[in-house]
Student: 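Right, I'll just put the structure down here and ask away after.
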Amino acid sequence: MPEEGLVGGGRLTERTGEQGSVPKERASRIVMLVDLDSFYASVEEQRHPELRGRPVVICMFSGRTEDSGAVATANYRARALGVKAGMPIPLAKRLVKEGDAVFLPADREHYREVSDRIMEILGEEADALEQVSIDEAYLDVTARTGGLWREAERIASQIKGRIREQEGVTCSIGIGPNKFVAKMATSRQKPDGLTIVREEEVQEFLAPLLVEELHGVGPKTAEALREMGVITAKDLAQVDVQELVGIFGEARGVYLKEIARGIDPSPVAKRERTQFSRIATLKEDTRDEDAIMERMVELGDQLERKLTETNVGFRTLSIILIDTRLRTHTKSETLPHSRSVREKIPIVRRLLQEWLAEQGASLVRRVGVRVSNLSHVGSQRTLTDFG
DNA sequence: AATGATACTCGGC
DNA sequence: TTACGGCCGAGTATCATT
């Protein structure tokens, strides 16, 4: 076992080790982000080995016409041809035409099962696990590594090996002193990457990044920053926090200043589900109340089955409407605790009537139902559970 | 004025 | 030249309550 090159508690040797990266002390926190590479596509390649080497595009077909729908994910071979998640399927087909690309419908139930097994592995390798999505999770490994980066690297390699052995897919892992840096580190090298950014390397790692590359900075924020002459993370780190607060508001202003400096105190904490929704595309655009209601009742029933399975109740009920211009509209109402969506159908109808009255012209393309403000009925209580 | 709840939008995957 | 899913959680403005 190689020596870790510790220098006893906080003694400073002001120089970043050039040959072999020798950290000066134990990190106060080590956080890892594991991101499964083009997950849906990888799972399909795993169970259909004949797909390997070909562009693979996983699609959510809406059923409205032969090819209506959007791309959920694409493997790297397809991405090289310009295919991206969220893209209309017909456009993806045009990009890859005359190639040997394959388009498959997403089988989310199966991906969920594979994901659950992988998350179980991650749970075994971490002090704390925070699942962010079906293909991404943060791990706090501070205690089990004793704050040693080398040990974190060993665990990361072990995780990669276990996932590849057991499920036949690869992942990219970023390691840093907090969640934000771990996330940014992951983006540095994928697929099948492993990137470590130690505390003393954070500033030089972030400095050259463009603000739009920072996790949590979208096009709108990036544009506002650009107008201030803020282009890179280094620029952002030098802006006075009060100026940011003035433009973006308290929470967001402080957040921007902190992430630009690589600071993120948010803990790796188990996430509770906060909402369930079901959404579907209508056969035709319409603003006919009964046609929309018919679909919403179906979706409500699906939702109710889900609530029963998971033993969850709700207080807030929302309807979701997506118009022909793909703009999303919602209406919601908070009610006494309930476990039945069906018995709230009159409320759904009223919300819809209100929306139709407000939105004189728009035609509806997709509709959905959502429940939130959840409470776990059978087991532990939450804040909203007054039972 | 401060706090918490609610309604709604936005954007990531 | 167009083309267009189904989820999720976070953020924020506004309202109600104290």
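Letters A, B, ... mirror the listed sequences (proteins, then strands); counts begin at 1. Both backbone and side-chain heavy atoms feed into the values below; hydrogens, waters and symmetry mates do not.
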Student: Any side-chain N or O of A:Arg366 less than 4.0 Å from the OP1 or OP2 oxygen of C:dG6?
Tutor: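 Result: yes.
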Student: Salt bridge check: are A:Arg47 and A:Glu44 linked by an N-O gap of less than 4.0 Å?
Tutor: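 A salt bridge is present here (some side-chain N lies under 4.0 Å from a carboxylate O).
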Student: Any side-chain N or O of A:Asn373 less than 4.0 Å from the OP1 or OP2 oxygen of B:dT6?
Tutor: yes
Student: Give the nucleotide from the list B:dC13, C:dG5, B:dA7 with an atom nearest to the side chain of A:Arg365.
Tutor: C:dG5
Student: Please determine, for the side chain of A:Ser332, which listed nucleotide (C:dT2, B:dT9, B:dA7) has the closest atom?
Tutor: B:dA7
Student: Which listed nucleotide (C:dC7, C:dG5, B:dC13) is nearest to the side chain of A:Thr281?
Tutor: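 Between C:dC7, C:dG5, B:dC13, the one nearest the side chain of A:Thr281 would be C:dG5.
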Student: What's the shortest heavy-atom distance between A:Gln203 and A:Gly262, and which atoms?
Tutor: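 For A:Gln203 versus A:Gly262, the nearest heavy atoms are NE2-N, 4.5 Å.
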Student: Which is more 5' along DNA chain C, the nucleotide nearest A:Arg252 or the one nearest A:Gly86? Just name the residue.
Tutor: A:Gly86
Student: Estimate the overall bend of the helix from B:dA1-C:dT18 to B:dC13-C:dG6 from the end axes over five pairs each, rounded to 10 degrees.
Tutor: 0°
Student: Could you tell me which non-hydrogen atom of A:Thr232 sits nearest to which non-hydrogen atom of A:Ala207, and how far apart they are?
Tutor: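 Looks like CB-O, 3.5 Å.
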Student: Classify A:Phe39 by what it touches in the nucleic acid, base, sugar-phosphate, or nothing, heavy-atom distance under 4.0 Å.
Tutor: nothing
Student: State whether A:Phe276 and A:Lys306 meet the cation-pi test: NZ (Lys) or CZ (Arg) under 6.0 Å from the six-membered ring centroid, and within 45° of the perpendicular axis.
Tutor: no
Student: Are OP1 or OP2 of C:dC8 and a side-chain N or O of A:Ser133 less than 4.0 angstrom apart?
Tutor: no
Student: Counting just side-chain N and O atoms, does A:Arg315 come under 4.0 Å of either OP1 or OP2 of B:dT6?
Tutor: yes
Student: Closest approach to the side chain of A:Arg278, judged atom by atom: which nucleotide of C:dC7, B:dC13, C:dT2 is it?
Tutor: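 Nucleotide nearest to A:Arg278's side chain: C:dC7.
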Student: For B:dT9, does OP1 or OP2 lie under 4.0 Å from any side-chain N or O of A:Thr330?
Tutor: yes
Student: Starting at atom CZ of A:Arg108, determine the distance to atom C1' of C:dG5, rounded to an integer number of angstrom.
Tutor: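 Distance check: A:Arg108 CZ to C:dG5 C1' gives 8 Å.
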Student: Of the candidate nucleotides C:dA10, C:dG5, B:dT6, which contains the atom at the shortest distance from the side chain of A:Arg271?
Tutor: C:dA10
Student: Establish, with yes or no, whether the OP1 or OP2 oxygen of C:dC4 is under 4.0 angstrom from a side-chain nitrogen or oxygen of A:Ser68.
Tutor: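 No, outside the criterion.
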Student: Would you mind telling me which of C:dA3, C:dG9, C:dC7 lies closest to the side-chain atoms of A:Gln275?
Tutor: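 Minimum distance to the A:Gln275 side chain belongs to C:dG9.
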Student: What is the separation between atom CE on A:Met296 and atom C1' on C:dG6, rounded to the nearest whole Å?
Tutor: 15 Å
Student: Of the options B:dC13, C:dA3, B:dT9, whose atoms approach the side-chain atoms of A:Lys183 most closely?
Tutor: B:dC13
Student: Looking at B:dC13, C:dC8, B:dA7, which one has an atom nearest to any side-chain atom of A:Ser277?
Tutor: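 The closest nucleotide is C:dC8.
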Student: Expressed as a whole number of angstroms, how long is the span from A:Leu326:CG to C:dC4:P?
Tutor: 8 Å
Student: Where the side chain of A:Ile279 is defined as all heavy atoms beyond and including C-beta, which of C:dA3, C:dG6, C:dG9 is the nearest nucleotide?
Tutor: C:dG6
Student: Could you give the CG-to-P distance, from A:Leu256 to C:dG11, as a whole number of Å?
Tutor: 10 Å
Student: Expressed as a whole number of angstroms, how long is the span from A:Lys331:NZ to B:dT6:P?
Tutor: 16 Å
Student: Test salt bridge (Lys or Arg N to Asp or Glu O under 4.0 Å) on A:Arg295 and A:Glu298 and set out the steps.
Tutor: CA-CA 5 Å; A:Arg295 203 55 177 274; A:Glu298 276 177 40; 3.7 Å; yes
Student: Does A:Arg144 use its side chain to pair, donor to acceptor, with the backbone of A:Ala126 at less than 3.5 Å?
Tutor: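 Side chain of A:Arg144 to backbone of A:Ala126, a donor-acceptor pair under 3.5 Å: yes, one is there.
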Student: Checking contacts here: which listed nucleotide (C:dA3, C:dG5, C:dC7) is nearest the side-chain heavy atoms of A:Met60?
Tutor: C:dG5
Student: Find the distance A:Phe314:CZ to C:dC8:P and express it as a whole number of Å.
Tutor: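 Rounding to the nearest Å, CZ of A:Phe314 and P of C:dC8 are 15 Å apart.
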Student: Looking at every strand, decide which applies to A:Asp135 at a 4.0 Å heavy-atom threshold: base, sugar-phosphate, or nothing.
Tutor: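 Sugar-phosphate, no base atom in range.
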Student: Whole angstroms only, please: what is the CD1-P distance between A:Ile58 and C:dC4?
Tutor: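 Taking CD1 of A:Ile58 and P of C:dC4, I get 20 Å after rounding.
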Student: Just the rounded figure in Å: distance from P of C:dC7 to OH of A:Tyr40.
Tutor: 10 Å
Student: Just call it for A:Ala72: base, sugar-phosphate, or nothing, with non-hydrogen atoms closer than 4.0 Å on any strand.
Tutor: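 Touches a base.
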Student: Among A:Asp35, A:Asp135, A:Asp37, exactly one meets salt bridge (charged side-chain N to carboxylate O under 4.0 Å, His left out) together with A:Lys190. Which residue is that?
Tutor: A:Asp35
Student: Do A:Arg252 and A:Tyr255 form a cation-pi contact, if we require the NZ or CZ to be under 6.0 Å from the six-membered ring centre and within 45 degrees of the ring's axis?
Tutor: no
Student: On DNA chain C, does the nearest nucleotide to A:Arg273 precede the nearest nucleotide to A:Ala70 from the 5' side, or the other way round? Give the residue.
Tutor: A:Ala70
Student: Let's go through A:Thr330 and A:Ser318 carefully: what are the C-alpha distance in whole Å and the side-chain angles of both, what is the deciding distance for side chain to side chain donor-acceptor pair (under 3.5 Å) to 0.1 Å, and is it a yes or a no?
Tutor: CA-CA 7 Å; A:Thr330 62; A:Ser318 313; over 6 Å; no
